Peer 1: 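Pasting a structure here, questions to come.
All values reported here derive from a predicted model rather than from experimental measurement. Letters A, B, ... mirror the listed sequences (proteins, then strands); counts begin at 1. Side-chain atoms are counted along with the backbone in the values below, which use heavy atoms only and exclude waters and symmetry mates.
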Amino acid sequence: MAAAGTCGTGTRSTGSMVAAASTNNVTSFQRRGPRASGADSGCSRLVSIAGTRPSVRNGQLLVSTGLPALDQLLGGGLAVGTVLLIEEDKYNIYSPLLFKYFLAEGIVSGHALLVASAKEDPADILQKLPAPLIDDSYKKECDEDVCSHKMEPDIKMKIAWRYQLLPKMEAGPVSSSRFGHYYDISKRIPQELIETSKWHGFFLPEKISSAFNVESCSLTPGYMKLLQFIQNIIYKEGFDGSNPQKKQKNILRIGIQNLGSPLWGDDICCTENCDTSHSLTKFLYILRGLLRTSLSACIITMPTHLIQNKAVIARVTNLSDTVVGLESFIGSEKETNPLYKDYHGLIHIRQIPRLNNLIYDISDVKDLAFKLKKKLFTIEHLQEGGLDL
Amino acid sequence: MFPELNNFNTTRAEQGKLTLLCDAKTDGSFLVHHFLSFYLKANCKVCFVALVQSFSHYNMVGQKLGVSLTTARERGQLVVLEGLKSAVDIFFRPREEPHPLQFLREANAGDLQPLYAFVRDTLEPVDCGEAAWRCPVLLVDDLSVLLSLGVGPVAVLDFVHYCRATVCREWKGNVVALVHDSGDAEDKESDVLLNGLSHQSHLILRVEGLATGFCKDVHGQLRILWRRPLQPTTPRDRSLTYQYKIQDKSVSFFAKGMSPAVL
């Protein structure tokens, strides 16, 4: 498979990789584990974490964003240790969907979650996540197990214990070792899945209500507390390799909603020249530093259309790794344009990082539109031809 | 290093030069990798202020270009200041001892004096008999991040000035720095920094995206501008323009409109 190919090319670098591993802890960009014996056993270490897969291009560990179409546009998935910045659409209708897909994917893959919001209680956000979609094609993969287990619903499953958690009326179980699942937005995620998942919530009004001492740093208190919270979780749960985890290594998925909005105490969206103009960029820099040295991936939604100072948007883009912008047609003149009549908005892939490489995976297709159907959020190429323009 | 870029006489054995790498609407970091591998292969002592990516990123790309950064670091030829890792250390484990990036701790716009002190201590030529490296080189990736972290453009210009005075003039070394051109984003601080540096530098390599947009075969355009030629007889301000395509292990350059895909 493709991963074996990439493993082979790196044989010369094993020695230096091991040397590098001893000096700095766990950077997610190192190949996991030196290759002890043949090629096949070596690469199995890379995929030892559920819900991840190595990139075809350079063995970089990837996680799914929850939308297989978006994964494909980003070159296979979101790299562990990087930030995905979603520039919100004007009325914040579609960006929460991407946010929820990311978190739902984390729950289904068994990753740990960290949800931060200034507007909504993280527990409520988790309740509203979409349910994983059962596809008929999955049945072929796990046919025998399903049939036998359907017959005797009371038998306790030892190996496929996750299947037991799903309600029995589903057509077939969702295999959690797959990369990238489909979700049904019209249904809520089953309560059992939330309860078995490990999640941490950061709700700004709760954390900031106690009297805080103004730190001497130039970050706003909200960002400061959030950074400390994230660092605390990473350190305590051992995502940065500091406490050798006895159990299986896991990925931490961090989701931060509406970063930069006035609810976070930052007035970058309110005035053009604000005092805290460096707060947001400093926060992003330190956050990226935290992510690079731990097994985590982060999604941030930001209302960039509210930021008055265009220079800040450019700086924020430079400080993030992957940037995706959503532009919805609601209320704009494009709503009546026949070219866009089947779609709800455009999706712009503004930036893709070059990680460990001079080149990066960029799709040739630049005109991408999204559509929110009753159950699914789909991303499509804008169709040409057959237009009365 | 990219052999084709070397052929443009950008990196002769001239010393005491400030080279400015500038990118507009595209990613110019491949130039940073080029200069890093070039100077390491040329046996120079390099101080690399890596503010944008982690060390392993540069290491992996360096290996594709034929240099091993870890070996260079162990030999003492290369000193790397990792911005991302240091930021986490400074922010969460505050210690009282000075750190080159300690302006991150401060609330007001800091100054880069500690960073300059770090560069000076690293590149100071040591008069011992062992493997003497060739000229010292300071490589910064990139200076625009300092603006995002709250340092004013004048402070960054001061820092570059100090480095130039010490590294270029006193020790006959080279300084290479990458700056982003914000274009029409009206970033006044970035413009001040870019204009100030363009005025001071001997060689400017400006990378731009194509005006017509994205193209699979031509990734952008590179303009090389020589300012302040060292010999008074050569014509002032010579410039060349090339288009380039980035590949897995190298970058190919060709004259405008002469992309192999088009011909």
Peer 1: Which region of B:Ser182, side chain (C-beta onward) or backbone (N, CA, C, O), has a non-hydrogen atom less than 4.5 Å from a non-hydrogen atom of chain A, or is it both or neither?
Peer 2: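 Neither part, no heavy atoms under 4.5 Å.
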Peer 1: So which heavy atom on A:Asn356 is nearest to which on B:Ser56, and how close?
Peer 2: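 Shortest heavy-atom separation between A:Asn356 and B:Ser56 comes out as OD1-O, 4.0 Å.
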Peer 1: Any side-chain heavy-atom pair from A:Arg288 and B:Val52 closer than 4.5 angstrom?
Peer 2: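 A side-chain contact under 4.5 Å exists here.
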Peer 1: Is it the backbone or the side chain of B:Leu51 that comes under 4.5 Å from a heavy atom of chain A, or both, or neither?
Peer 2: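 For B:Leu51, backbone and side chain are both near chain A.
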Peer 1: Side chain, backbone, both or neither: which part of B:Asp142 has a non-hydrogen atom closer than 4.5 Å to chain A?
Peer 2: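 Neither part.
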Peer 1: Hey, do the aromatic rings of B:Phe48 and B:Tyr58 have their centres closer than 6.0 Å?
Peer 2: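 Ring centres of B:Tyr58 and B:Phe48 closer than 6.0 Å.
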Peer 1: How many angstroms lie between CG in B:Leu194 and CG in B:Leu20, if you round to the nearest 0.5 Å?
Peer 2: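 That separation rounds to 6.5 Å.
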Peer 1: Answer yes or no: is there a side-chain heavy-atom contact under 4.5 Å between B:Leu31 and B:Val207?
Peer 2: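 Yes - at least one pair of side-chain heavy atoms lies under 4.5 Å apart.
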Peer 1: With a 4.5 angstrom heavy-atom cut-off, which part of B:His180 approaches chain A: side chain, backbone, both or neither?
Peer 2: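 Side chain of B:His180 only, per the 4.5 Å heavy-atom cut-off to chain A.
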Peer 1: Quick check on A:Asn357 against chain B: is it the side chain, the backbone, both or neither that has a heavy atom closer than 4.5 Å?
Peer 2: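 Looking at A:Asn357, backbone and side chain both touch chain B.
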Peer 1: So for B:Phe30, is it side chain, backbone, both, or neither that comes closer than 4.5 Å to the heavy atoms of chain A?
Peer 2: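 For B:Phe30, backbone and side chain are both near chain A.
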Peer 1: Need one label for B:Ser250: side chain, backbone, both or neither, based on atoms under 4.5 Å from any heavy atom in chain A.
Peer 2: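 Just the backbone, heavy atoms under 4.5 Å.
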Peer 1: Quick one: of B:Leu69, B:Leu84, B:Val88, who has the most non-hydrogen atom pairs under 4.5 Å with chain A?
Peer 2: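 Sorted descending by pairs with chain A, the first entry is B:Leu84.
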Peer 1: For A:Leu227, is it the side chain, the backbone, both, or neither that has a heavy atom closer than 4.5 Å to a heavy atom of chain B?
Peer 2: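 Looking at A:Leu227, backbone and side chain both touch chain B.
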Peer 1: Are side-chain heavy atoms of B:Val151 and B:Phe159 found at a separation under 4.5 Å?
Peer 2: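 No, too far: nothing below the 4.5 Å cut-off.
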Peer 1: Report which part of B:Val145 has an atom under 4.5 Å of a heavy atom belonging to chain A: side chain, backbone, both, or neither.
Peer 2: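 Just its side chain gets close to chain A.
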Peer 1: Can you say whether B:Leu147 sits under 4.5 Å from chain A via the side chain, the backbone, both, or neither, judging by heavy atoms?
Peer 2: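 Backbone plus side chain of B:Leu147, per the 4.5 Å heavy-atom cut-off to chain A.
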Peer 1: Quick one, A:Leu280 and A:Arg315 - any side-chain contact, counting heavy atoms below 4.5 Å?
Peer 2: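 Counting from C-beta outward, A:Leu280 and A:Arg315 never come under 4.5 Å.
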Peer 1: Testing the basics here: between B:Leu40 and B:Gln77, what is the closest heavy-atom pair and its distance to 0.1 Å?
Peer 2: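 Looking at all heavy atoms of both residues, the closest pair is O-NE2, 3.0 Å.
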